[in-house]
Enquirer: 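Structure below; questions to follow.
Proteins get letters first, then strands, A, B, ... in listed order; numbering begins at 1 in each. Predicted model, so just to flag it, every value in this text is computed and none were measured.
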Amino acid sequence: MEAALSPQARNAHQSLTAAQLSAVEHVDGPLLILAGPGSGKTRVVTHRIAHLLGEGISARQILALTFTNKAAAEMRSRVEKLAPRQPVWMGTFHGFCARLLRLNAALVGLSENYSIYDMDDSHKLLVAAIEDERVDLSHVTPDAIRQAIGWAKNNLITPDRYTGSKGRQLGGIVERVYPAYQRRLLRANAVDFDDLLMHVATLLRENPEVRAKLDERYRYILVDEYQDTNLAQYAIVRALSIDHPNLAVTGDPDQSIYGWRGANLSNILEFEKDFPSVKVVRLEQNYRSTKAILRVADQLICHNVRRKKKQLFTDNAEGAAVRLNCYPTQRDEADDIAAQIVTAVHAGKRRPRDFAVFYRINALSRQIEHALREHVIPYQIVNGVEFFQRKEIKDVLAYLHLINNPRSDVALLRIINTPTRGIGKSTVVKLQDHARKNSLPLLDAAREAGLVEGLAKKSLVAVAKFVAMFDRLGEVATAHVEAIVGRVLSESEYEEVLTNSEAEEDQERLANLQELLTAAREFDMRNPGQGHLEQFLEETSLVADTDAWESESDKVTLMTMHAAKGLEFPVVFIIACEQGLLPHERSRNDEEKVEEERRLLFVGITRAEEELQLSYADYRMFRGQAAPTIPSPFLMELPRDEMQLSSSISSRPRARDWEESQLPRVEAELSHDDGDVSFDVDDFSQVEPEESKKKKVPLLVSGVTTAASLLAEQENGLRRVSPSMFKHGMTVEHREYGIGTIISLSGEGPKRRATVRFAAATGEKSFVLMHANLQPVE
DNA sequence: TGTGAGTTGATTTTT
DNA sequence: TCAACTCACA
């Protein structure tokens with residue numbers, strides 16, 4: 001098995017420090033790696049996987065769990081370099097659980113084609129459950145209920161065992177709503193995110209033989225960011241490490257920032273009690289930041305009580321002093337940051353991608369975005385309106401969800417009248433009544449609409465038409481995903497409605513749908529063969545905002561501090577260090593929560609390699625009103641005497657004037673639409689080689705391609721003749737059959753096929769594009 | 001039934 | 001500020 005290790009891997013081992021090496025070479029038994037920020041943790045983990053493989057351990061027996069897809073992807077690509085093509089399971093907790101649950105769905109009362117509901121879907125279901133229970137919402141918000149249920153699930157408290165704390169109104173309500181909500185989920189053959197973990201934990205507890213089999217299968221388990229595990233995740237990992245306790249966890253208690261999601265700091269703080277024979281390795285040397293930055297971070301985190309003391313140090317240069325700036329208003333803050341970036345980029349000192357701006361809450365990104373646009377700086381915002389959250393995408397995916405799982409009422413409600421087809425609210429209510437009385441899924445209720453009381457004839461016809469349309473879609477359920485999506489777009493008339501619309505917004509939606517088709521095709525290429533709809537839906541449900549970050553592109557990055565974990569940038573700006581925002585309002589009067597906020601700032605600070613600026617504004621717009629602010633108390637905990645403090649910002653020349661004289665105006669061409677999550681500026685393309693601009697990033701993980709760029713690409717593509725020039729919805733002419741419309745496409749390259757709908761007499765035909773005599777009609 | 005105007009009410013972080 | 005929701009009207 002030594003052959004599994006690339007020469008690169010063996011050489012690389014030599015460059016590891018003694019501490020790193022001792023972790024890498026540990027094989028059997030529990031291992032705890034306490035890794036400070038920038039200490040080369042990922043390097044250790046990936047080298048350890050390579051080392052295990054080198055020791056002759058089968059790749060199938062190794063399981064590496066992360067929290068984000070991004071972290072998993074990073075790990076995968078680095079392991080790939082050290083030990084190519086080894087089928088080690090690397091992925092997120094949720095992804096792993098989704099897979100396990102597919103194989104054992106029946107054990108928890110689901111069937112294998114269950115749906116994964118995202119926040120939006122589960123919220124709708126929750127509201128329905130709240131209505132079921134006729135809860136008075138005057139003192140409790142659905143969101144509070146959702147959080148309580150989520151907390152319960154993360155702590156493995158099932159609906160039947162839930163009891164709210166005495167005297168609290170919320171507790172009593174949750175006691176009623178939680179079981180109702182869970183019943184609805186099960187009836188819909190669906191799970192929410194928290195269920196993925198809870199169901200698997202339950203399954204492992206209640207089925208010893210399944211547990212033992214999996215324990216045997218996954219002999220070597222690695223968990224990244226262990227400080228962020230909650231009880232459910234802990235239970236899962238624990239259950240898989242009983243017979244073979246070769247559990248290696250890495251983490252840093254000081255970077256635990258997901259307490260609100262049920263993360264339990266005790267999991268890592270007490271790992272040594274759990275596994276008395278554990279080997280502990282501390283990685284304290286930082287390879288990322290300057291001494292100046294690291295000292296600030298260290299000073300701050302020392303104010304936390306609940307932690308493991310750690311001595312952070314670095315051999316890096318002293319570096320520039322950390323800046324602490326006070327601005328009159330948020331506007332000045334944003335302007336100055338943009339100006340600093342422009343100045344550095346124009347001086348040739350930095351590139352846009354060297355900069356990152358962090359904030360506590362997403363709402364704060366707006367001013368920065370605005371300033372960057374004004375200064376014509378390309379940026380990408382990690383988050384915004386995420387691709388898979390856009391209405392049109394969710395609509396089309398809902399069709400797919402319903403095809404895959406006909407019991408998913410949430411999906412049906414979403415599409416039964418989208419696009420509008422004359423099935424209004426009153427009709428839907430009647431169908432829901434009927435479904436409830438006969439305990440049927442909504443789709444089945446719609447099928448027997450004839451039996452529904454008081455339904456107008458017109459409505460009846462509309463519902464029947466919908467059902468017939470849906471059944472036609474069902475016929476292609478096992479086709480390539482791209483073909484299914486194409487069918488949905490044409491059969492549902494979703495595409496037609498948008499095409500006929502004048503609204504610019506709808507044209508953008510069309511372009512986004514083309515993107516979805518592309519994403520589907522890319523999925524098909526990665527998963528040859530048919531019948532992968534379920535898997536496609538799983539992937540789209542489990543991708544997150546952070547995964548949409550393009551590390552390749554030359555843009556300033558804007559993100560929350562939570563999203564920043566695991567990343568690093570040469571220059572970091574942390575804005576709005578103000579009481580109420582950082583620490584956040586909701587953590588007031590709760591020392592544990594304040595400590596978590598402090599850790600959050602610690603994470604932000606330690607992302608910086610060379611330069612760091614913290615800032616706050618005296619006045620900030622909030623809820624539409626400007627209000628005076630109070631600087632964050634955390635700022636008083638920093639070593640201010642060695643930092644560069646400044647509040648005389650107005651003396652700086654207005655960068656906009658400078659920029660006007662130096663750069664050609666291109667603003668007119670820029671979209672000022674807020675829905676646009678990123679944009680390119682031609683002036684910066686000179687630092688970005690043409691080639692890299694053309695390189696296509698897989699959509700499933702990019703999500704930030706703009707509709708405009710896609711349209712442009714489409715136009716360019718039209719001139720060449722190749723199977724790839726045919727697009728969904730295109731009008732084509734066939735020598736024999738005449739004019740028709742492409743209603744679906746599938747396959748790649750010479751094998752690419754199209755289904756074309758001709759005049760009624762001819763019907764539908766399927767062609768291999770390479771050989772068919774199809775001509776696009778202008 | 002569908003649309004559009006007007007009102008309200010809520011604002012964390014993410015798989 | 002802005003999005004979601006309600007309500008009135010066509």
Enquirer: Looking at A:R360 and B:dT13, is any side-chain donor or acceptor paired with a base atom of the opposite kind under 3.5 Å?
Expert: yes
Enquirer: Can you confirm whether or not the ring centre of A:Y258 sits under 6.0 Å from the ring centre of A:H562?
Expert: yes
Enquirer: Find which nucleotide of DNA chain B each of A:T427 and A:Q147 is nearest to by heavy atoms, and output the residue with the more 5' nucleotide.
Expert: A:T427
Enquirer: Does A:S459 place a side-chain N or O at less than 4.0 Å from the phosphate oxygens OP1/OP2 of B:dT1?
Expert: yes
Enquirer: Could you give the NZ-to-P distance, from A:K124 to C:dC5, as a whole number of Å?
Expert: 9 Å
Enquirer: Taking the same atom, C1', in C:dC5 and in B:dT12, what whole-Å distance lies between them?
Expert: 23 Å
Enquirer: So what does A:M621 touch, heavy atoms closer than 4.0 Å: a base, only the sugar-phosphate, or nothing?
Expert: nothing
Enquirer: Toward the 5' end of DNA chain B, which comes first, A:K458 or A:Y258, by nearest nucleotide?
Expert: A:K458
Enquirer: For this output row, return yes or no: ring centroids of A:F96 and A:Y218 closer than 6.0 angstrom.
Expert: yes
Enquirer: In this structure, are over 12 heavy atoms from other groups packed under 6.0 Å from A:W151 atom CH2?
Expert: no
Enquirer: Round to the nearest Å and state the distance from A:K565 atom NZ to B:dT14 atom P.
Expert: 12 Å
Enquirer: I need the CG-P distance between A:L431 and B:dT1, as an integer number of Å.
Expert: 11 Å
Enquirer: Indicate every side-chain donor-acceptor pair of residues 411-421 of chain A with a distance under 3.5 Å to a residue at least two apart or in another chain.
Expert:
{"unit_1": "A:R414", "atom_1": "NE", "unit_2": "A:D395", "atom_2": "OD1", "d": "2.8"}
{"unit_1": "A:R414", "atom_1": "NH2", "unit_2": "A:D395", "atom_2": "OD1", "d": "3.2"}
{"unit_1": "A:N417", "atom_1": "OD1", "unit_2": "A:R421", "atom_2": "N", "d": "2.7"}
{"unit_1": "A:N417", "atom_1": "OD1", "unit_2": "A:G422", "atom_2": "N", "d": "3.4"}
{"unit_1": "A:N417", "atom_1": "OD1", "unit_2": "A:I423", "atom_2": "N", "d": "3.2"}
{"unit_1": "A:N417", "atom_1": "ND2", "unit_2": "A:I423", "atom_2": "O", "d": "3.0"}
{"unit_1": "A:T418", "atom_1": "OG1", "unit_2": "A:R414", "atom_2": "O", "d": "2.6"}
{"unit_1": "A:R421", "atom_1": "NH1", "unit_2": "A:I415", "atom_2": "O", "d": "2.7"}
{"unit_1": "A:R421", "atom_1": "NH1", "unit_2": "A:I416", "atom_2": "O", "d": "2.9"}
{"unit_1": "A:R421", "atom_1": "NH2", "unit_2": "A:Y399", "atom_2": "OH", "d": "3.0"}

Enquirer: Rounded to the nearest Å, what distance is computed from the NE2 atom of residue A:H123 to the C1' atom of nucleotide C:dA4?
Expert: 10 Å
Enquirer: Under the criterion of centre distance below 5.5 Å and interplanar angle below 30°, is A:W260 classified as stacked on the base of B:dT13?
Expert: yes
Enquirer: Kindly check if the number of other-residue, nucleotide or ligand heavy atoms within 6.0 Å of CD (A:E591) is above 12?
Expert: yes
Enquirer: Expressed in angstrom and rounded to an integer, what is the separation of A:E539 atom CD from B:dT15 atom C1'?
Expert: 15 Å
Enquirer: Please confirm whether the ring centroid of A:F67 lies under 6.0 Å from the ring centroid of A:F93.
Expert: yes
Enquirer: In whole Å, what is the span from the CG atom of A:L196 to the P atom of B:dT14?
Expert: 18 Å
Enquirer: Distance check needed: B:dT14 P versus A:D192 CG, whole Å only.
Expert: 18 Å
Enquirer: What one-letter contact string describes nucleotides 2-11 of chain B from 5' to 3', where B marks a base within less than 4.0 Å of any protein heavy atom, S marks contact via sugar-phosphate atoms alone, and - marks no contact?
Expert: SS-------B
Enquirer: Between P on B:dT12 and CD1 on A:I361, what's the gap in Å once rounded to a whole number?
Expert: 7 Å
Enquirer: Under 4.0 Å, counting only non-hydrogen atoms across every strand here, what does A:F93 touch: a base, just sugar-phosphate, or nothing?
Expert: nothing
Enquirer: Consider the side chain of A:N362, meaning its heavy atoms from C-beta on, and name the nucleotide among C:dT1, B:dT1, B:dT13 that approaches it most closely.
Expert: B:dT13
Enquirer: Testing A:Q227, A:R598, A:R599, A:R307 for side-chain hydrogen bond (donor to acceptor under 3.5 Å, both in side chains) with A:D254, which one passes?
Expert: A:R307
